Structure formats: C-alpha cells, structure tokens
Protein chains: 2
Amino acid sequence: MTDVPTTPASAEELRAEIVSRYETLSKRLKQIARYILDEPNDIALETLAVIAERCGVQPSAIVRFAKSFGFEGASQMQRLFRDGLLSNNAALGYSERVRQLDQTTSAQDAEPANLLSEFVEGNSLAIQNLLQTVSGADMRAAVDLLMAADTVHVAGFRRSFPVASYIAYSLLQAGKRTVFIDGVGGLGLQQVHAIGPGDLLIAISFHPYSEETVAVVNAAKAHGGRVLAISDSLVSPVAKPAEHVLQIREAEVRKFRSLSASMCLAQALVINFAFEATRTDGKARDGVGT
Amino acid sequence: MTDVPTTPASAEELRAEIVSRYETLSKRLKQIARYILDEPNDIALETLAVIAERCGVQPSAIVRFAKSFGFEGASQMQRLFRDGLLSNNAALGYSERVRQLDQTTSAQDAEPANLLSEFVEGNSLAIQNLLQTVSGADMRAAVDLLMAADTVHVAGFRRSFPVASYIAYSLLQAGKRTVFIDGVGGLGLQQVHAIGPGDLLIAISFHPYSEETVAVVNAAKAHGGRVLAISDSLVSPVAKPAEHVLQIREAEVRKFRSLSASMCLAQALVINFAFEATRTDGKARDGVGT
DNA sequence: TAAAGAGTGGAACATATATTCCATAGCGTG
DNA sequence: CACGCTATGGAATATATGTTCCACTCTTTA
C-alpha cells in the first residue's frame, strides 16, 4: 500500500493530491480518481455501493483507494467531502441559496466571469429557441435527404467553418460517403465539380453570406445535386435555392454572433441520421436473411 | 399515529407541512420540528444518532416524527432533504439532473423531434454548468496567458477540431498572431517546431485523448512554450502539463458527447480576450498621447 | 515460457445505523 | 386521587453498509 505519509485534511487537499499522484495509480484506481474529481457530490452523499456501480468498480476498490491516500477507510474519505459540501454552501439557508442562483445570471459588466455568464445565458436561450424554428418534420426531411444521398458534400466558411467541419467529420464516422469542401489551397470551387445528381450539399452560412458558399450552392444546383441549407433566414442566398432549410437564430452577445445553437442542431441532425442509418441497415439485413 | 394522508414530495413541501401542523405536535416532536426547520442540512447529511443528540432527543423519536408525516421511516425523510440539497443548487446538481434527463429520454424512441429536444435540453444543462467548472479567475488567467503570448498556436483534432478552428479563426480576426495546427498533409508535428518560448499553445482534447494532441502539448513544453488546456478532466494527458486548464463537462446524449458547451466557452474566451486587447491598446495609446 | 508480483472481483464478515418494541413516565380527566 | 391514554426513553433487533480476505487474473521479468 503506497500510502502518502500525511492524510489530506480537506477535500481540496485531497483533490490536489489525487491530481499529482494520478499517473502512479493503477487502472481501477485511476477510474476512481477521475470519478472523485468529476463527482465529489456523489462521494459525499451516496453509499459505497452506489458510487462503485456508477464508476464501474467494486466497493472494495474504493476502500483500497481511500487507504492508498492515507485514510483508515472509505468512510473517512467520505466525511471529508461531506464537510466540504457543508462549508461551501451550508451557511446559507434556502432562500439565500435561491437568491445566489439568480445573481449569477443577472449582474452585468465586462469582467471575465460575467462575460462568461452572459454567453451562458444567451446560448442557452438560443439553443432552446431551436425547438421553435426547427420542427420534427424539418428534421425528418433533412434526415431523409441525407439517407437518399449518394455522397454528401459539406460547405461552410469563416464563422460557419467549425460547424461544417463537425458535420463532415461526424458523417464520415457514421459511414457516409462525405466530402468536406474546405477551400484549402484555393480548391473551393474545383471541389464542387465532384457533385453530381444523387448527391447532397449541406451548405452552412449566416448573415453576411460568404460568396464562396453561395457560389458552391449554385454550382451544386447546376450539376443536378440537392441542397440542404443551414442558415439564419429562409430567404438568404443559400436558403432560397435549397431543397430544405433548417433555420437557426443564433445568440448575439455584445454584437458577437454565437455558434452553440448551430452546433447543437448539427449534432442532432447527424446523430439522427446515424440512428436512422443503422435502423435501416438492420431492416435491410433482416430482409435478406428471410 | 396522526399521519397526514399524503406524503410530502419535496423538502419544500415538507417544510410547509411542518409549519402548518406545528401546534398540534407533542413536546418532543416540536423540538424535532424546530431543528429540521433550522438545520435542514444536518437532516440531509448526518446520521440519526447525531441528529438525535444535537437536538436532545432519542433516535426513535425522529423515526416517530417521520412516520407522523407520512413517511415509511426516517430514512425516506432524509432522502428528501438530500435530493433537495442537490436540486436546489445548480452548483451541485448537474450530474444528478443529467441522470434524470437520461432516464426520461432513454425510454422514448430516437424520433427526429425527440432527439432534437434531447439535445436542446442536454446542451442547455451543460452550458449552464460551465459557470460551475470555470470560475472568473480561471477566465482571467486564461486571458492573461493569451495577452502575454507572442504567438498563439491552436491544436485540436477529431471531435475537438471544430472548436480549435473556431478559436484560431477568431483570434486571427481579433488581430492576434495565430497558427492553427491542423495537421493537414500530416504536418501536425512539424508545425510544432514553430512554437518557441513566449508562445502559447491552446490544446483542446476530450476523452479518448488523441495521440496527436498529447504529442503537440509535450513538444510545446519541450520548446519552452506555455500551454492552456481545454479538456474534460484535470488529470487528462493534455491538462497535466498545462499552465492552466479550463474544464468542461460536455453533455452526453444517447452516448454521444456533445460540443455546444465547448463552443460556448471558446467564444467567451476569445471575445474576452478581444475586449481586453482593445482596452489595453487604448491605454497604451493614451499613455503615449499624454 | 515460466515464475513472481501486483491488481482485481466477489463473497464472507464486521460494523454502523435505522427501526421496533415495550416498560415506564407524564398528563389530563372522571 | 386513581384511571387511562399518550408520549417517551432505551434496549433489542433488523437492516444496510463498509471492510476484509482470499482465490484468481493479468503483467512484468528473468
């Protein structure tokens, strides 16, 4: 038992100790270490059996862990976290805690923490607004376009680039033939020539709509491809020619337009497709089997 | 046993019930009632024996109390307070909420409409949790690292690629010398050689931490550069060697890890930097002007 | 490839903790 | 003042929970 000479005296101390000794721990002990760092509340409130199950480990392993950090048993370690829990918020009664919660989102000035909370609030709202602008039917239609496509091409530049790259990467992961039109080396428009009938272009573009994207959309249409647009308006230059549009109203914090909502929609779309694809695969195989 | 027909379903409900029935209680039961109203945390966290001693009562009296309020035993009453402790504290309840969301959603089908709203909810929670895992001081420190850096290098592959590309793009927009280590053409590690002392590497990486990113981080340290890590754990291979870590707990919907929270943090970081940069610029000019 | 060692799972065990039960004390009422 | 009823304390019991131990596995090393 490679225990540390001095037993940690507070939850913080223990966390620090875990971080520094992490590399020297065995597989299971690492597993537990991560869990403790991630969910100190669980350690404080749940029983060993529950904790053990949640991090996929035997209760005895947790005891071993505690001992290797100088505790007499797992219970002593738990006590540490319970105490921490209380001293962090217990002085406050209920009403005070609720008030504290409100304050985190309301105060305004350009200090780092507050800026973050503005983004948190703004993006959170924008994401929830997705449910208003995108219906289940829209999603269904978008997934159908994906399912029907031979090859999927994805285009998005500047601010939309991250979203486009995410979609392209994930579709590839899901086993779909995908081409990411990334414009590297000025190939932007050349890559478009690969689009043919039966292919789908996913075009992502927001307010000042980049010329490249618009050009790619038009080229895709010219080659007989179909287009799914992700944009902020139904009448934007990328949305107008498209077979289908998923509309997003992004958060705007201090004049900077955000991206979280777009990412959220992108994920929902791609994973929806992945589910649909495996489901259909299964059916196809079943059909052959009989 | 004068029990109430309906068992309270939340700590708040129980408190209200206690207040209204207070006068009808016997001496000991009043004693306990007062204690519960005063120290709900104790009820949540301590053992019956401890609670009993603290309010000068026998453990059995507490059991009687619980039963007279419709509980099966004192333990059920304690559970109520524990749950309340978590759900009233945004700070503490994240994983608990996620677990609940997980349960309510895993039952339903992966239908397009459902899936979108699952993502909406999950990401919304994850974004709000950012305020817990990254403090104002963390943001400040990260911005300081950016300010002090000569050139900023940004690395993130696979799932983290979109976030990295966003950061790199935005920093460039903000006028910072920035290099995006995108690994195109297998240049990944070669690009690292450009990192020198006085430079900063922003490394973004989540659970199965890609080898490339880890390698880049180590190389950066070897060249005397500083490292800012954006990761999901303090003990991840990219976080350990870093000067500073911004920790993110991403949403996980149907086993797929999300990205919205990362994007949100990335934006907050970059824009924070942009504000700080212009502010300092202004001061510098003022200084020269006088 | 075999041997030694550390790490691990799971059942057996010990302990802590909640709950029940009953004898008795306290209190109101006839 | 005595009777009966409710409330109470505390010991006995049941249960839940933590801990130990040992056989087995997986690594490492010679």
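As the structure is a computational prediction, the values presented were derived from the model and not from experiment. Below, chain A is the first sequence line, B the second, and so on; all start at residue 1. Hydrogens, waters and symmetry mates play no part in the numbers below; they use all other heavy atoms, side chains included.
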By nearest-nucleotide position on DNA chain D, the 5'-leaning member of B:P59 and B:T24 is B:T24
Is B:Q78 touching bases, backbone alone, or none of the nucleic acid, heavy atoms closer than 4.0 Å?
sugar-phosphate
Quick one: are A:I271 and B:V253 in side-chain contact, heavy atoms under 4.5 Å?
no
For B:E243, is there an ion pair with B:K221 - N to carboxylate O distance below 4.0 angstrom?
yes
Are B:R249 and A:D38 within salt-bridge range, i.e. N to O under 4.0 Å?
no
Euclidean distance, atom CD1 of residue A:I32 to atom P of D:dG18 [Å, nearest integer]
14 Å
Between A:F69 and A:T7, does the side-chain contact (heavy atoms from CB on, under 4.5 Å) criterion hold? Intermediate values first, please.
CA-CA 7 Å; A:F69 276 83; A:T7 307; over 6 Å; no
Protein-nucleotide distance (A:Q58, atom CD; D:dT19, atom P), rounded to Å:
15 Å
Figure out the CD/P separation between A:E72 and C:dA16, and round it to whole Å.
10 Å
Gap between atoms CZ and P, on B:R64 and C:dC22 respectively (whole Å):
14 Å
Close aromatic pair by centroid cut-off 6.0 Å: B:Y209 and B:F157:
no
Select base, sugar-phosphate, or nothing to describe what B:A49 touches, counting heavy atoms under 4.0 Å on all strands.
sugar-phosphate
Distance, rounded to the nearest Å, where B:L25 contributes CG and D:dT6 contributes P
16 Å
Rounded interatomic separation in angstrom, taking CZ from A:R28 and C1' from D:dT27:
14 Å
Tell me whether the side-chain N or O atoms of A:S60 pair up with the base of D:dG18 as donor and acceptor below 3.5 Å, since no angle test is needed here.
no
Whichever of B:G73 and B:K27 has the more 5' nearest nucleotide on DNA chain C, that residue is B:G73
Confirm from the modelled atom types if A:T47 and D:dG18 form a donor-acceptor pair under 3.5 Å, side chain to base only.
no
Quick one: is D:dT8 close enough that its OP1 or OP2 comes under 4.0 Å of any side-chain N or O from B:S26?
yes
Would you mind reading off the distance between A:I62 atom CD1 and C:dG10 atom P, rounded to a whole angstrom?
14 Å
Give a yes/no answer on whether the side chain of B:S75 brings an N or O atom under 4.0 Å of OP1 or OP2 in C:dT19.
yes
Interatomic distance, B:E46 CD vs C:dA18 P [rounded to whole Å]
10 Å
